[in-house]
Amino acid sequence: MFEREQQAIEDQIREYLASHSIPELDDFHWNPIPFAGGWGISTPCFPLAALEARAGKKINVPQRAQEIASGLAEHLGIPEGFSGVEALNGYLNLFYSSAEFSRRVVDRVLEEGADFGRQAPFGKQVMVEFSNPNTHKAFHVGHLRSAILGESIARILAFAGYDVVRANYIGDMGLHVIKWLWNYQRYHLGEKPPADTTKWMGDLYSEAIKRLEGDPELEAEVRELYSRWDRRDPEVVALWEETRQWSLDHFEKIYQILDIHFDRWYSNSEMEQPGKMVVEQFIEEGIAEDERPTGGPVIVRIDDKLGLEKEKYRVLVVLRSDGTALYATEDLALAIKKFSDYNLYSSIYIVDVRQSLHFEQVFKTLEIAGYPWATRSQHLPYEVVNLPGNVVMASRDGTIVLLEGLIDESQERALEIVEEKNPSLSDEQKEDVARAVGLGALKYPMLARDNTKIVTFDWESALDFNGQAAPYIQYAHVRANSILRRLEDPLPDSAPIEHELDPAEIQLIDAISRFPGEVQRAAAEYKTLHITNLTFDLARSFNDFYKQCPVLKADPDIRAYRLRLVAAARQTIANALNLLSILAPEVM
RNA sequence: GCCCUCGUAGCUCAGUGGAUAGAGCAUUUGCUUGCGGAGCAAAGGGCCGUGCGUUCGAAUCGCACCGAGGGCGCCA
């Protein structure tokens, strides 16, 4: 947040280096001062000394680094906005003038409000494809990760200034759907979905799998059904449309509960025909090889096309030998469609890590075919959600935790706790709090670990609202709110800070000041983790401050400043939680 | 066989090549006078998988090995 000061210091350092003919460095690699109570920035002088050593001077690097640091400290004096400078262990440390810096941070937060941390739009459109549920299957906890991760990344990118298009690609056709339809038509025809649609649809799917296991005659029926679909047999299409809608209605309900939104819906059924046309075109252009005359599928030998000796991208099957479409067929068409529908700077696919090779193959094939934007399509892989004992959640095996049941359970549990902690709330308030807390507790663990880490779901920790979890952060927000609620007058105006800041105050301001930078970083790396980490830091700093520093009963000047600080903290926590699509309740 | 991840405290995980590797949970122990104790504070607990290298400096980068998981021609 203090780029201007940093820039001024860098200019002065360069000036000093030049006048002492010390070789110059491109990047000063500023870090926060790692000592408790030391609020400021620090840069190591080792790289400068190492450069000299490499140029042939016979020197001891750490010793020379300390010399340079001392020289710099002397040259800089105490720059504008800083309270002190020191050369220590080869580092140059610059301490912020706390009173001035903290006032600036608080003023800026209160001025910008809900926009604190937001970057101005810069005209780059990016599509984020996420969730991608399959119809005719259950919606379980595993699906929550893509949904919530995608929602949060979309919010972060938008906040960081991108023009975001949120896309959902529905898996509404494929072998799994045909198998489901076959089972329904043969054994359940006429049945309507019960109240818990998703469980019933999932059950019918695993039932289909069980019936088909090792029975070639039944498999033949499924293939027959698939070719009827391929001919668009009206009876099959009608059945598909009706049953598909059952799933879609249910998805809509879940997205509404989770506060997840989409701008554009695609489905793989609508990509079948365009996909087949793309494949035809690739065959004509010699990119794909048609092995159907000899009973094989249509393939793209990617490694061969690239002239690679070692196998890397291998072979992509783009059309089945019977001419029906695969996911790859449809993904080729979809990638093309996205860039023709929109003027995209990039196209991001938030899909689990098991499909990494698939996406590399699809994008590489499009690159070979000469689409200039192919390198701007990007797969963002995330690891799966497993059950304890590393048990994979699979619809076909029925080893799943249904999302709806989990949501109900977490809200019931949250409600019990609200009843206990805050019985004076109205029933309606309690319900609202339970919803905010229950959902937050479910979402947080999906966002707070790195994308490459497997999430292990277990009921106990999902319903544990203590410690490093959303309710802790929500509680900090509630406490801030409870102070400000008691304030009858408007918030005091900004004024110079006369009192010596408490370490707890400085820590809190530091956390607030880091928010805009962390938004940038999260957007650049597609990592919600940076936001959850900072948000937790904020909440912890606030709770510590709350304990250490009285606000309402403090001396008037201090009170005025602290009130503003509390308001700034509340605002930043709310902004951060919003990026995580976690609600910031007023009471709880 | 080839490719991709991961390996940090008892457990779950953070950790931009930089100073003394940090949280939460669990364990033990303190905090009633202050705005909400869903909180705060303290203690114990670490060959950062192993080895070699690069570097002034490695949990972080490179190579090899060990261990776990995932992927690899008509599933999605």
Side-chain angles (χ1 to χ4, degrees), chain A residues 29-31 33-35 42-44 46-47 49-50 53-54 59-65 88-91 93 132 134 137 171 174-176 268 291 296-301 310-322 324 326-331 351-358 360-361 381 383-384 386 390 392 396 414 417-418 420-422 437 445 448-456 461 464-469 471-472 474-476 478-487 521 529 532-533 536-537 540 543-544 546-554 562 566 587-588:
Chain A
H29 195 80
W30 294 101
N31 294 309
I33 296 171
F35 308 118
S42 168
T43 187
F46 299 101
R54 237 165 290 160
I59 50 171
N60 174 310
V61 170
Q63 200 180 347
R64 176 64 182 147
L88 184 67
N89 301 334
Y91 294 84
N93 295 331
N132 303 0
N134 288 329
K137 275 191 183 176
L175 259 185
H176 77 277
N268 70 330
E291 295 185 336
V298 181
I299 60 170
V300 179
R301 297 181 187 276
K310 245 166 67 171
E311 53 179 356
K312 181 161 186 197
Y313 300 104
R314 298 159 189 269
V315 171
L316 178 63
V317 176
V318 292
L319 199 67
R320 285 199 188 90
S321 52
D322 64 2
T324 55
L326 292 149
Y327 237 56
T329 322
E330 294 148 359
D331 268 340
V351 181
D352 82 65
V353 67
R354 293 170 300 188
Q355 292 183 46
S356 294
L357 178 60
H358 166 80
E360 278 189 75
Q361 291 178 321
E383 263 295 356
V384 293
N386 283 349
N390 230 10
V392 175
R396 56 189 308 158
I417 296 177
V418 182
E420 177 198 325
K421 304 278 185 191
N422 207 345
V437 170
R449 25 177 73 45
D450 210 341
N451 301 341
T452 58
K453 288 277 194 347
I454 294 173
V455 171
T456 300
S461 59
D464 184 1
F465 298 156
N466 295 315
Q468 197 162 358
Y472 175 87
Q474 292 169 319
Y475 183 63
V478 165
R479 287 176 125 184
N481 193 58
S482 84
I483 291 177
L484 297 168
R485 198 176 42 221
R486 286 159 190 276
L487 190 64
R521 199 169 152 215
L529 168 70
T532 53
N533 279 351
F536 180 70
D537 268 3
R540 197 176 35 183
N543 278 331
D544 184 29
Y546 185 92
K547 183 74 174 182
Q548 300 298 330
C549 306
V551 178
L552 295 173
K553 293 185 179 168
R562 284 185 179 164
V566 169
V587 291
M588 65 189 270

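Residue numbers start from 1 in every chain, and the chains themselves are labelled A, B, ... in the order their sequence lines are given, proteins ahead of strands.
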**Q** How long is the gap from CD on A:Gln355 to CG on A:Asp352, to the nearest 0.5 Å?
**A**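 It is 5.5 Å, given to the nearest 0.5 Å.
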**Q** Nucleotides 55-62 of chain B: which of its N/O atoms have a protein N/O under 3.5 Å away?
**A**
none

**Q** Answer with base, sugar-phosphate or nothing: what part of the nucleic acid does A:Asn390 contact at a heavy-atom distance below 4.0 Å?
**A**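 Sugar-phosphate only.
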**Q** With heavy atoms under 4.0 Å as the rule, sort A:Leu357 into base, sugar-phosphate or nothing.
**A**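 The answer is sugar-phosphate, as A:Leu357 gets under 4.0 Å only of primed atoms, P, OP1 or OP2.
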**Q** Hey, mind stepping through A:Val317 and A:Leu326 against side-chain contact (heavy atoms from CB on, under 4.5 Å) and telling me if it holds?
**A** CA-CA 8 Å; A:Val317 176; A:Leu326 292 149; 3.5 Å; yes
**Q** In whole Å, measure the gap between the P atoms of B:U27 and B:C4 for me.
**A**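 One P to the other, the span is 43 Å.
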**Q** Categorize A:Glu420 for me: base, sugar-phosphate, or nothing, with a 4.0 angstrom heavy-atom threshold over every strand shown.
**A**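 Counting heavy atoms under 4.0 Å across all strands, no contact is made by A:Glu420.
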**Q** Before you tell me yes or no, could you show the steps for A:Tyr91 and A:Ile33 under side-chain contact (heavy atoms from CB on, under 4.5 Å), namely the whole-Å CA-CA distance, both residues' side-chain angles and the distance that decides it to 0.1 Å?
**A** CA-CA 10 Å; A:Tyr91 294 84; A:Ile33 296 171; over 6 Å; no
**Q** Using purine N1 to pyrimidine N3 plus N6-O4 or O6-N4 for Watson-Crick, or N1-O2 and O6-N3 for G-U wobble, both under 3.5 Å, which nucleotide pairs with B:C61?
**A**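 Result: B:G53.
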**Q** Would you call A:Arg320 and A:Asp322 a salt bridge, using N to O less than 4.0 angstrom?
**A**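 Here A:Arg320 does not pair with A:Asp322 in a salt bridge, since their nearest N and O are not under 4.0 Å apart.
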**Q** What's the gap between B:U5 and B:U28 when it is taken at their P atoms, as a whole Å value?
**A**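 These two P atoms come out 42 Å apart once rounded.
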**Q** Hey, does A:Arg449 reach any base, or is it just sugar-phosphate, or nothing, if we go heavy atoms under 4.0 Å?
**A**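 It contacts sugar-phosphate atoms only.
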**Q** Please work out if A:Thr452 contacts a base, only the sugar-phosphate, or nothing of the nucleic acid, heavy-atom cut-off 4.0 Å.
**A**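 A:Thr452: backbone/sugar contact only, no base atoms under 4.0 Å.
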**Q** How far does the P atom of B:C48 sit from the matching atom of B:A19, given to the nearest Å?
**A**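 It works out to 16 Å between them.
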**Q** With sequence neighbours excluded, what pairs up with A:Arg64 under the side-chain hydrogen bond (donor to acceptor under 3.5 Å, both in side chains) test?
**A**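 In terms of side-chain hydrogen bond (donor to acceptor under 3.5 Å, both in side chains), with neighbours along the sequence ignored, A:Arg64 is linked to A:Glu52, A:Glu67.
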**Q** Does a nitrogen or oxygen in the side chain of A:Ser482 sit under 4.0 Å from OP1 or OP2 of B:G36?
**A**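 It does, given that an N or O in the side chain of A:Ser482 lies less than 4.0 Å from OP1 or OP2 of B:G36.
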**Q** Of all the choices, B:G7, B:C2, B:G18, which nucleotide is nearest to the side chain of A:Lys453 once you look at every atom?
**A**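 Looking only at side-chain atoms, A:Lys453 lies closest to B:G7.
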**Q** Does A:Tyr546 lie flat on the base of B:C35, that is, centres under 5.5 Å apart and planes under 30° off?
**A**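 Here A:Tyr546 meets both the 5.5 Å and the 30° conditions.
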**Q** Mind calculating the distance between CG (A:Asn481) and C1' (B:C35) to the nearest angstrom?
**A**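 That distance rounds to 12 Å.
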**Q** In whole angstroms, how far is the C1' atom of B:G73 from the CG atom of A:Asp322?
**A**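 So the CG-C1' distance, A:Asp322 to B:G73, works out to 14 Å.
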**Q** Does A:Tyr475 make a side-chain N or O approach to OP1 or OP2 of B:A38 shorter than 4.0 Å?
**A**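 Yes, such a contact exists.
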**Q** Given the P atoms of B:C66 and B:C74, what is the spacing between them in whole Å?
**A**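 Nearest-Å result for B:C66 against B:C74 at atom P: 30 Å.
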**Q** Mind checking if A:Arg521 touches a base, just sugar-phosphate, or nothing, with heavy atoms under 4.0 Å?
**A**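 Result for A:Arg521 = sugar-phosphate.
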**Q** What's the spacing between A:Gln548 CD and A:Asn543 CG if we round to 0.5 Å?
**A**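 Rounded to the nearest 0.5 Å, the CD-CG separation comes to 11.5 Å.
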**Q** Is a donor-acceptor contact shorter than 3.5 angstrom present between the side chain of A:Arg314 and the base of B:C72?
**A**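 Result: at least one qualifying N/O pair found.
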**Q** Which base, if any, makes a Watson-Crick or G-U wobble pair with B:C31, both distances under 3.5 Å?
**A**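 B:C31 is paired, partner B:G39.
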**Q** How many Å lie between CZ on A:Arg320 and P on B:G73, as a whole number?
**A**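 My rounded result for the distance is 14 Å.
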**Q** If you look at every strand shown and take non-hydrogen atoms under 4.0 Å, does A:Arg562 touch a base, only sugar-phosphate, or nothing?
**A**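 Counting heavy atoms under 4.0 Å across all strands, no contact is made by A:Arg562.
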**Q** Does the structure show a Watson-Crick or G-U wobble partner for B:G17, both distances under 3.5 Å? Name it, or say none.
**A**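 Here B:G17 is not engaged in any pair, so there is no nucleotide opposite it.
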**Q** When you measure from the side-chain N and O atoms of A:Lys312 to the phosphate of B:C3, is any distance below 4.0 Å, counting only OP1 and OP2?
**A**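 Checking A:Lys312 against B:C3: no side-chain N or O falls below 4.0 Å of OP1 or OP2.
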**Q** Closer than 4.0 Å, any side-chain N/O of A:Lys310 to the OP1 or OP2 of B:C2?
**A**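 No, outside the criterion.
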**Q** Identify the nucleotide, in any strand shown, that forms a Watson-Crick or G-U wobble pair with B:G45, with both distances under 3.5 Å; if there is none, say none.
**A**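 Base-paired to nothing in any strand shown.
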**Q** Looking only at atom P, what distance separates B:G67 and B:G49, rounded to whole Å?
**A**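 Per the computed distance, 16 Å lies between those P atoms.
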**Q** Would you indicate what A:Val418 reaches in the nucleic acid, counting non-hydrogen atoms under 4.0 angstrom: base, sugar-phosphate, or nothing?
**A**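 It contacts base atoms.
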**Q** From the set B:G70, B:C40, B:G36, return the single nucleotide nearest to any side-chain atom of A:Arg354.
**A**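 For the A:Arg354 side chain, the nearest candidate turns out to be B:G70.
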**Q** With a non-hydrogen cut-off below 4.0 angstrom, is A:Asn93 in contact with a base, only sugar-phosphate, or nothing?
**A**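 A:Asn93: base contact, heavy atoms under 4.0 Å.
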**Q** Quick check for you: among B:G71, B:C75, B:A19, whose closest atom lies nearest to any side-chain atom of A:Leu88?
**A**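 Among B:G71, B:C75, B:A19, the one nearest the side chain of A:Leu88 is B:A19.
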**Q** Summarise how protein sits on nucleotides 23-28 of chain B as a single string, 5' to 3': B when a protein heavy atom is under 4.0 Å from the base, S for sugar-phosphate-only contact, - for no contact.
**A** BSS---
**Q** Could you check whether A:Val587 gets within reach of a base, just the sugar-phosphate, or nothing at all, counting any heavy atom under 4.0 Å?
**A**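 Contact class for A:Val587: base.
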**Q** I'd like to know if the side chain of A:Glu383 reaches the main chain of A:Thr452, judged simply by a donor and an acceptor atom lying under 3.5 Å from each other, with no hydrogens or angles considered.
**A**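 No, the answer is negative, given that no donor and acceptor are paired below the 3.5 Å cut-off.
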**Q** What contact category does A:Leu326 fall into here, base, sugar-phosphate, or nothing, at under 4.0 angstrom with non-hydrogen atoms?
**A**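 The residue A:Leu326 makes sugar-phosphate contact but no base contact.
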**Q** If I pick the C1' atom on B:G53 and the same atom on B:G17, what distance separates them, to the nearest angstrom?
**A**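 Roughly 15 Å separates the two C1' atoms.
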**Q** Report yes if some heavy atom in the side chain of A:Arg562 is under 4.5 Å from a heavy atom in the side chain of A:Cys549; otherwise report no.
**A**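 In contact.
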**Q** Quick check for you: among B:A38, B:C35, B:C74, whose closest atom lies nearest to any side-chain atom of A:Val551?
**A**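 Selected nucleotide: B:C35.
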**Q** By nearest atom, which of the nucleotides B:A38, B:A76, B:C2 is closest to the A:His358 side chain?
**A**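 Closest nucleotide among those given: B:A76.
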**Q** My understanding is that a pair needs two contacts under 3.5 Å, Watson-Crick or G-U wobble. By that rule, which nucleotide pairs with B:A23?
**A**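 Result: B:U12.
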**Q** In whole Å, what separates the C1' atom of B:A14 from that of B:U33?
**A**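 The same atom, C1', in both gives a distance of 38 Å.
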**Q** Among the candidates B:C6, B:G39, B:G69, find the nucleotide nearest to the side-chain atoms of A:Ile454.
**A**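 From the listed options, B:G69 comes nearest.
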**Q** Is the glycosidic torsion of B:G73 within 90° of 0, making it syn, or is it anti?
**A**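 Base orientation relative to the sugar is syn.
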**Q** Could you give the distance separating B:U50 and B:G45 at their C1' atoms, to the nearest angstrom?
**A**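 Their C1' atoms lie roughly 23 Å apart.
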**Q** For a quick check of understanding: with a heavy-atom distance under 4.0 Å over all strands, which category does A:Leu319 fall into, base, sugar-phosphate or nothing?
**A**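 Result for A:Leu319 = nothing.
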**Q** I'd like to know if A:Asp537 pairs up with A:Arg540 as an ion pair, taking the criterion as any Lys NZ or Arg NE/NH1/NH2 lying under 4.0 Å from an Asp or Glu carboxylate oxygen.
**A**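 Looking at A:Arg540 together with A:Asp537, the answer is yes, because their closest N to O distance falls below 4.0 Å.
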**Q** Would you classify A:Asn134 as touching base, sugar-phosphate or nothing, given that sugar-phosphate means primed atoms plus P, OP1 and OP2, and contacts are heavy atoms under 4.0 Å?
**A**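 Contact class for A:Asn134: sugar-phosphate only.
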**Q** Who does B:G7 pair with, Watson-Crick or G-U, both distances under 3.5 Å?
**A**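 Across all strands, the one nucleotide that pairs with B:G7 is B:C66.
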**Q** Measure from the side chain of A:Ile299, starting at C-beta and using heavy atoms only, and say which of B:A19, B:G36, B:G73 lies closest.
**A**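 The answer is B:G73.
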**Q** Could you tell me the separation between the CZ atom of A:Arg479 and the C1' atom of B:G39, rounded to a whole number of Å?
**A**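 Going from CZ in A:Arg479 over to C1' in B:G39 covers 4 Å.
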**Q** Take A:Ser42 and A:Asn93, measure what side-chain hydrogen bond (donor to acceptor under 3.5 Å, both in side chains) needs, and give me the verdict at the end.
**A** CA-CA 4 Å; A:Ser42 168; A:Asn93 295 331; 2.8 Å; yes
**Q** For A:Gly174, answer base if it contacts any base atom (sugar-phosphate contacts may also be present), sugar-phosphate if it contacts only those atoms, and nothing otherwise; contact means non-hydrogen atoms under 4.0 Å.
**A**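 The answer is sugar-phosphate, as A:Gly174 gets under 4.0 Å only of primed atoms, P, OP1 or OP2.
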